[in-house]
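I have placed the structure first, in the form of structure tokens, so that the comments after it can refer back to it.
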There are 2 protein chains.
Amino acid sequence: MVARRGRRNGSAVTPALDADNAPTAEMPAVGVNGSDPVRAKSIPEAAVARLAVYLRVLSAMAEQGATTVASEELSAAAGVNSAKLRKDLSYLGSYGTRGVGYEVRVLVGQIERTLGLTRQHKVAVVGIGNLGHALANYGGFPGRGFPVEALFDVDADLVGVPVGGIPVSHLDDIPAVCSERGISIGVIATPPTAAQSVCDRLVSGGVQCILNFAPVVLQVPEHIEVRKVDLAVELQILSFHVARRADDANGSHKVGNGMVVR
Amino acid sequence: MVARRGRRNGSAVTPALDADNAPTAEMPAVGVNGSDPVRAKSIPEAAVARLAVYLRVLSAMAEQGATTVASEELSAAAGVNSAKLRKDLSYLGSYGTRGVGYEVRVLVGQIERTLGLTRQHKVAVVGIGNLGHALANYGGFPGRGFPVEALFDVDADLVGVPVGGIPVSHLDDIPAVCSERGISIGVIATPPTAAQSVCDRLVSGGVQCILNFAPVVLQVPEHIEVRKVDLAVELQILSFHVARRADDANGSHKVGNGMVVR
DNA sequence: CACTGTGAAACATTTCACAGCC
DNA sequence: GGCTGTGAAATGTTTCACAGTG
């Protein structure tokens with residue numbers, strides 16, 4: 001440790017690192033790394049996101065009875081190229097057989113281990129509106145491993161009402177309930193104005209990670225991991241590509257710095 | 001130049017490029033680029049995602065009456081560092097004033113222009129379950145610019161029923177309705193099994209971009225832009241970080257290839 | 001001989017650091 | 001003096017291409 005990330009304001013609270021949703025980029029892969037002689041280098045952030053996709057594809061294949069799979073086949077199903085797939089899998093260790101491929105079972109096990117899916121991660125959903133409902137009813141999220149164990153809302157009419165089998169608690173009880181029930185992941189599905197205060201309460205309740213659906217940049221202590229899902233941003237990125245395509249198609253001209261302008 | 005993107009199968013259908021949600025990485029920024037002597041280089045993919053965030057922050061600031069903002073302030077609010085912010089804004093052109101900062105109004109206008117937000121992009125939502133409802137009720141998505149103009153579902157009981165003011169149509173009518181209404185963005189909120197077929201119909205209806213909430217890798221023609229939002233993947237990435245942290249904390253040891261294993 | 005595992009090259013993104021301007 | 005804009009360095013990611021192996 002020691003060598004902190006350069007510019008860092010003195011405060012204990014920093015903006016959730018990435019401005020983007022980035023399942024890729026940023027961060028030197030594992031912990032601090034660099035000046036620390038002990039810590040080894042680990043899996044690139046970008047690869048982690050893909051491992052989760054491979055896992056799903058592999059599980060589907062296993063269900064279909066496949067026992068073995070080659071990088072070419074798996075990569076096609078996962079929408080990446082085979083070199084990338086092989087490189088990604090190589091971060092787990094050497095679990096393939098040259099000339100043959102990978103054993104589906106083994107790969108599933110290794111990816112699960114690497115992603116920490118052998119432990120359970122209890123989830124709390126905050127904000128039981130349309131989206132919160134949808135999330136709560138997912139009922140024990142993706143497959144197994146992410147049981148929803150607490151729900152919160154401000155609405156007095158909602159408090160006490162069970163949704164997907166779990167009674168809704170009040171926002172004020174977030175810290176107590178979360179630490180009682182050992183929640184490790186908080187999902188924020190509130191309006192943007194409430195998000196930061198909800199986030200603070202989740203953190204004080206001992207939650208380690210936050211998945212944020214509210215369109216705001218959360219400020220969190222640095223040991224908290226935040227990921228965000230931002231509809232507006234996604235749509236605007238798509239919009240950019242539509243616009244770019246339109247520009248490319250017809251007579252576009254360059255502006256000062258050489259950028260296509262229209 | 002010349003050098004085509006290596007592997008690219010001859011088929012007209014390719015897996016949606018990125019395996020990850022990646023608002024960053026992959027793609028040489030703008031269109032073909034490289035062998036084309038005319039086309040200029042453009043905004044990095046990673047920067048585009050952040051521009052959308054800056055836009056939101058700037059809009060909030062404008063509402064609060066701010067007329068001018070310095071890179072340090074804006075970057076803090078957006079959760080990035082100021083160098084990155086300045087670099088990102090420089091892709092738009094030179095709209096700042098040295099010694100002063102940026103004019104909020106101007107920046108908002110430039111980002112909107114760059115993201116193609118001056119045109120409207122009509123949206124269709126497919127799959128009116130919990131999530132679809134939530135999306136439909138967003139009622140003209142983020143602010144302005146993304147009006148929801150069509151809804152689809154298989155459920156006969158739902159067809160004809162208005163949700164958020166728009167009557168639900170049947171899946172079979174996707175191509176006709178989409179091309180009639182000039183839909184440019186399709187949002188898939190169906191169960192995974194239906195997603196690919198829905199996607200195909202959206203494409204045949206002339207939709208240019210797809211936002212996919214279903215946990216499957218869609219295969220699309222290469223001129224179609226796909227982005228995905230995958231809850232399972234997000235949670236598993238968080239899980240990875242929890243696990244990594246736990247490993248880092250206590251006596252971890254390295255395995256063959258030098259990776260932290262537990 | 002097909003297919004994995006991986007150095008090394010190519011590419012993309014971020015950060016540094018400072019020249020230049022108001 | 002304070003702050004933008006940007007080359008150049010550093011870092012991270014993807015792709016190539018091939019040696020190695022069951």
Side-chain angles (χ1 to χ4, degrees), chain A residues 3-8 17-20 22-30 32-34 41-50 68-75 80-103 106-107 256-259, chain B residues 1 3-8 17-20 22-30 33-34 41-50 68-75 80-103 106-107 256-259:
Chain A
R4 297 285 353 148
R5 240 72 197 328
R7 110 225 58 316
R8 120 81 58 31
L17 27 95
D18 247 341
D20 51 64
T24 86
E26 196 129 329
M27 318 199 65
V30 94
V32 182
N33 191 1
K41 75 171 181 305
S42 179
I43 305 182
E45 187 68 14
V48 172
R50 287 189 299 264
T68 245
V69 67
S71 66
E72 201 63 56
E73 186 187 354
L74 179 52
S75 67
V80 302
N81 70 43
S82 62
K84 197 190 279 181
L85 172 86
R86 288 199 303 279
K87 180 75 86 175
D88 287 345
L89 293 185
S90 80
Y91 296 123
L92 308 180
S94 271
Y95 297 105
T97 308
R98 290 164 199 245
V100 180
Y102 302 88
E103 238 189 281
V106 174
L107 229 41
N257 53 359
M259 291 195 14
Chain B
M1 48 312 290
R4 298 276 355 142
R5 239 76 196 328
R7 107 228 59 313
R8 122 85 55 36
L17 25 93
D18 247 341
D20 52 65
T24 87
E26 196 129 330
M27 318 198 64
V30 95
N33 191 3
K41 75 172 183 310
S42 178
I43 304 181
E45 187 68 13
V48 172
R50 287 189 299 264
T68 246
V69 67
S71 66
E72 202 62 57
E73 187 187 354
L74 179 52
S75 68
V80 301
N81 69 43
S82 62
K84 197 189 279 183
L85 172 86
R86 288 199 304 278
K87 180 74 91 176
D88 287 345
L89 294 184
S90 79
Y91 295 122
L92 308 179
S94 270
Y95 297 104
T97 307
R98 291 164 199 244
V100 179
Y102 303 88
E103 238 188 280
V106 174
L107 229 40
N257 54 0
M259 291 192 17

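All heavy atoms count here, side chains included; hydrogens, waters and symmetry mates do not. Every chain is numbered from 1 and lettered A, B, ... according to where its sequence line falls, protein lines coming before strand lines.
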Grab the CG-C1' distance between B:Asp88 and C:dT15 for me, whole Å please. 12 Å
Supply the atom-to-atom distance B:Glu73 CD to B:Tyr102 OH, rounded to the nearest 0.5 angstrom. 12.5 Å
Interatomic distance, B:Tyr91 OH vs D:dT6 C1' [rounded to whole Å]: 10 Å
Taking only residues at least two apart or on different chains, which pairs with a member in residues 93-102 of chain A satisfy salt bridge (Lys or Arg N to Asp or Glu O under 4.0 Å)? none
Starting from C1' on D:dT15, measure out to CZ on A:Arg50 and report it in whole angstrom. 12 Å
What is the separation between atom CD on B:Glu45 and atom P on C:dA12, rounded to the nearest whole Å? 12 Å
Quickly work out the A:Glu72 CD to D:dT15 C1' distance and round it to whole Å. 14 Å
Interatomic distance, B:Lys84 NZ vs D:dC3 C1' [rounded to whole Å]: 20 Å
Value in whole Å for how far the P atom of D:dC16 lies from NZ of A:Lys87: 13 Å
Whole-Å distance separating the CD1 atom of A:Ile43 from the P atom of D:dT13: 12 Å
Polar atom pairs between nucleotides 17-22 of chain D and protein, under 3.5 Å, N or O only, would you list them?
residue, atom, partner, partner atom, Å
D:dG20, N3, A:Arg98, NH1, 3.1

Please determine, for the side chain of B:Ser90, which listed nucleotide (C:dT13, D:dG5, C:dT15) has the closest atom? D:dG5
What's the shortest heavy-atom distance between A:Ile43 and A:Ala47, and which atoms? CG2-CB, 3.8 Å
